[in-house]
Amino acid sequence: MSPDRLSLNRWTFRTTPLQEFLEATTSRGIGAVGLWRQDVAEVGLDALRRRVDDAGLRVSSLCRGGFLTASAEADRAAALEDNRRAIDEAAGLGAPTLVLVVGGVDRADKDLVGARARVAEAVAELAPYAEQRGVTLSLEPLHPMFAADRAVLSTLDQALDIAEASGSPAAGVVVDSYHVWWDPYLERAIQRAAASGRLFAYQVCDWNLPLAEEPLNSRGYMGDGYIDFSSITRMIAAAGYTGDIEVEIFNEDVWATPADESARIIAERYEQLVLPYA
């Protein structure tokens, strides 16, 4: 097995103490982790960077920025400031990209089109700052069922429209299998992202049924659900993507599994279902 490109996202091990998560990663010979801003808040930016460095790991991404859809001016200003802090944190961790979950519809106006326009304005404002700090912004389209509360961007094409409109090379996209596997135009969109130099990250997990009470937690280990990882990974590879492949799973049963066992399962599934096509 070659785990060189495999990365474990922190939220796959959400209930595991940070140090145990890092040790479970290195014990499997895995070289990268995707971190969350909660880790920064817990131990501090400098201390977190030291822990990652001491473990011999690199950071594949930082999650998350975004939530840029508020219509009130004060809320918009606060969101922009928070995203600048997130960009600084990504730079401080050596993370190449900050994942943006852009936010859902603002119930104050229920204006879906307007919410997307506000995201575009915010990304255009934030991208030059990210560029200065040496960080990219990976807009993450989420499955349409999350449009109300989490992301008014549902397809890779919608995210690319906003990234390209920013005029900055620092704005691009992340392909998360859980959210985009259903998209009939996915292959074309991946090619479009690569052609414009905006394919920044690839995240994998499966789509499980029945849906959990919290649908976001219906992610599963690759092979447990309905996603064809060979097809999507071939699309990613054909587009020329050679970066990290990050496993991000939100699932109560996975969180209850000992970290070393979960890391073992992920490494084996990656070797069987993803790596041969990458």
Side-chain angles (χ1 to χ4, degrees), residues 1-13 21-36 39 49 51-64 90 93-99 134-140 156 172-181 186-187 189-191 193-195 197-206 219-224 227-250 254 259-278:
M1 171 185 167
S2 173
D4 293 347
R5 297 175 60 195
L6 176 58
S7 175
L8 300 185
N9 186 279
R10 175 72 171 112
W11 230 239
T12 306
F13 300 82
F21 161 62
L22 297 177
E23 290 170 359
T25 303
T26 57
S27 72
R28 292 288 161 187
I30 297 167
V33 289
L35 296 178
W36 280 59
D39 299 312
R49 178 64 186 265
R51 289 199 192 190
V52 173
D53 288 346
D54 288 348
L57 295 166
R58 66 182 181 278
V59 180
S60 55
S61 72
L62 179 66
C63 197
R64 63 192 178 195
L93 291 169
T97 198
L98 172 68
V99 175
V135 173
T136 60
L137 303 178
S138 290
L139 280 72
E140 182 172 10
L156 205 58
V173 297
V174 50
V175 174
D176 184 325
S177 63
Y178 182 77
H179 291 299
V180 301
W181 69 277
L186 181 60
E187 183 171 16
I190 288 172
Q191 292 170 349
R198 299 180 188 276
L199 180 54
F200 294 153
Y202 179 36
Q203 295 178 330
V204 295
C205 70
D206 219 328
R219 295 167 173 251
Y221 295 117
M222 297 86 76
D224 281 359
I227 295 177
D228 180 357
F229 292 98
S230 63
S231 293
I232 297 178
T233 304
R234 281 191 181 104
M235 295 176 196
I236 293 286
Y241 179 79
T242 58
D244 289 314
I245 300 174
E246 194 174 290
V247 178
E248 183 185 58
I249 303 172
F250 305 169
V254 173
D260 188 63
E261 173 68 6
S262 186
R264 180 192 65 78
I265 295 170
I266 289 169
E268 290 178 354
R269 301 291 181 86
Y270 171 79
E271 181 180 12
Q272 296 163 3
L273 300 173
V274 180
L275 180 61
Y277 313 100

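Every heavy atom of this structure was used, including side-chain atoms; hydrogens, water molecules and symmetry mates were not. It should be emphasised that the depicted structure is a prediction, and the values quoted were computed from it without experimental measurement.
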A.B. asks: Just to verify, what does Asp228 make a side-chain contact (heavy atoms from CB on, under 4.5 Å) with, not counting sequence neighbours?
C.D. replies: Ser230, Ser231
A.B. asks: Can you tell me if Arg58 uses its side chain to pair, donor with acceptor, with the backbone of Ala32 under 3.5 Å?
C.D. replies: no
A.B. asks: Within a strict 4.5 Å, meaning less than it, do heavy atoms of the Tyr277 and Ile232 side chains meet?
C.D. replies: no
A.B. asks: State, to 0.1 Å, how close Leu98 and Val135 come at their nearest heavy-atom pair, and which atoms those are.
C.D. replies: N-CG1, 3.9 Å
A.B. asks: For Met222, enumerate each residue passing the side-chain contact (heavy atoms from CB on, under 4.5 Å) test, keeping only those at least two apart in sequence or located in another chain.
C.D. replies: Val204, Phe229, Val247, Arg269, Tyr270, Leu273, Val274
A.B. asks: Between OG1 of Thr242 and CG of Leu199, what distance do you get to the nearest 0.5 Å?
C.D. replies: 9.5 Å
A.B. asks: Using the side chain to side chain donor-acceptor pair (under 3.5 Å) criterion, which residues pair with Arg219? Sequence neighbours excluded.
C.D. replies: Asp176, His179, Glu248
A.B. asks: Quick check: does any side chain N or O of Thr12 sit under 3.5 Å from a backbone N or O of Ile249, one acting as donor and the other as acceptor?
C.D. replies: yes
A.B. asks: Using side-chain heavy atoms (C-beta onward) and a distance below 4.5 Å, is Val175 in contact with Ile190?
C.D. replies: yes
A.B. asks: Taking only residues two or more places apart in sequence, or in another chain, which ones meet Asp260 in a salt bridge (Lys or Arg N to Asp or Glu O under 4.0 Å)?
C.D. replies: Arg28
A.B. asks: May I ask you to decide if Glu246's main-chain N or O and Asp244's side chain share a donor-acceptor pair within less than 3.5 Å?
C.D. replies: no
A.B. asks: With sequence neighbours left out, what residues match Phe21 under ring-ring contact (aromatic ring centres under 6.0 Å, His included)?
C.D. replies: Phe13
A.B. asks: If I compare all heavy atoms of Ala201 with all of Ser138, which pair ends up nearest, and what's the gap?
C.D. replies: CB-OG, 4.4 Å
A.B. asks: Name all residues meeting the salt bridge (Lys or Arg N to Asp or Glu O under 4.0 Å) criterion together with Arg64; count only those two or more places apart in sequence or in a different chain, and write none if there are none.
C.D. replies: none
A.B. asks: Which atoms form the tightest heavy-atom contact between Leu62 and Ala90, and what is the distance?
C.D. replies: CD2-N, 3.5 Å
A.B. asks: By side-chain contact (heavy atoms from CB on, under 4.5 Å), which residues pair with Arg51, not counting sequence neighbours?
C.D. replies: Leu18, Gln19, Leu22, Val43
A.B. asks: Suppose we screen for salt bridge (Lys or Arg N to Asp or Glu O under 4.0 Å). Which residues come up paired with Asp206, at least two apart in sequence or across chains?
C.D. replies: none
A.B. asks: Give a yes or no answer on whether the side chain of Ser60 reaches the backbone of Val33 with a donor-acceptor pair at less than 3.5 Å.
C.D. replies: yes
A.B. asks: How many angstroms lie between CZ in Arg198 and CG in Leu137, if you round to the nearest 0.5 Å?
C.D. replies: 10.5 Å
A.B. asks: Identify, with sequence neighbours excluded, every residue that meets side chain to side chain donor-acceptor pair (under 3.5 Å) alongside Tyr221.
C.D. replies: Ser262
A.B. asks: So, using side chain to side chain donor-acceptor pair (under 3.5 Å) as the criterion, who are the partners of Glu261 when residues are at least two apart?
C.D. replies: Arg264
A.B. asks: Might you point out which heavy atoms bring Ala278 and Ala237 nearest each other, and give the distance in Å?
C.D. replies: O-CB, 3.9 Å
A.B. asks: Any idea which heavy atoms bring Arg5 and Gly243 closest together, and the distance?
C.D. replies: NE-O, 2.8 Å
A.B. asks: What pairs with Ser177 under side chain to side chain donor-acceptor pair (under 3.5 Å), at least two apart in sequence or on another chain?
C.D. replies: none
A.B. asks: Do you know the tightest heavy-atom contact between Cys205 and Ile227?
C.D. replies: O-CD1, 3.4 Å
A.B. asks: side-chain contact (heavy atoms from CB on, under 4.5 Å), that's the test. Do Leu8 and Ile266 meet it? Break it down for me.
C.D. replies: CA-CA 9 Å; Leu8 300 185; Ile266 289 169; 3.7 Å; yes
A.B. asks: If only atom types and distance count, is the side chain of Thr26 paired as donor or acceptor with the main-chain N or O of Leu57 below 3.5 Å?
C.D. replies: no
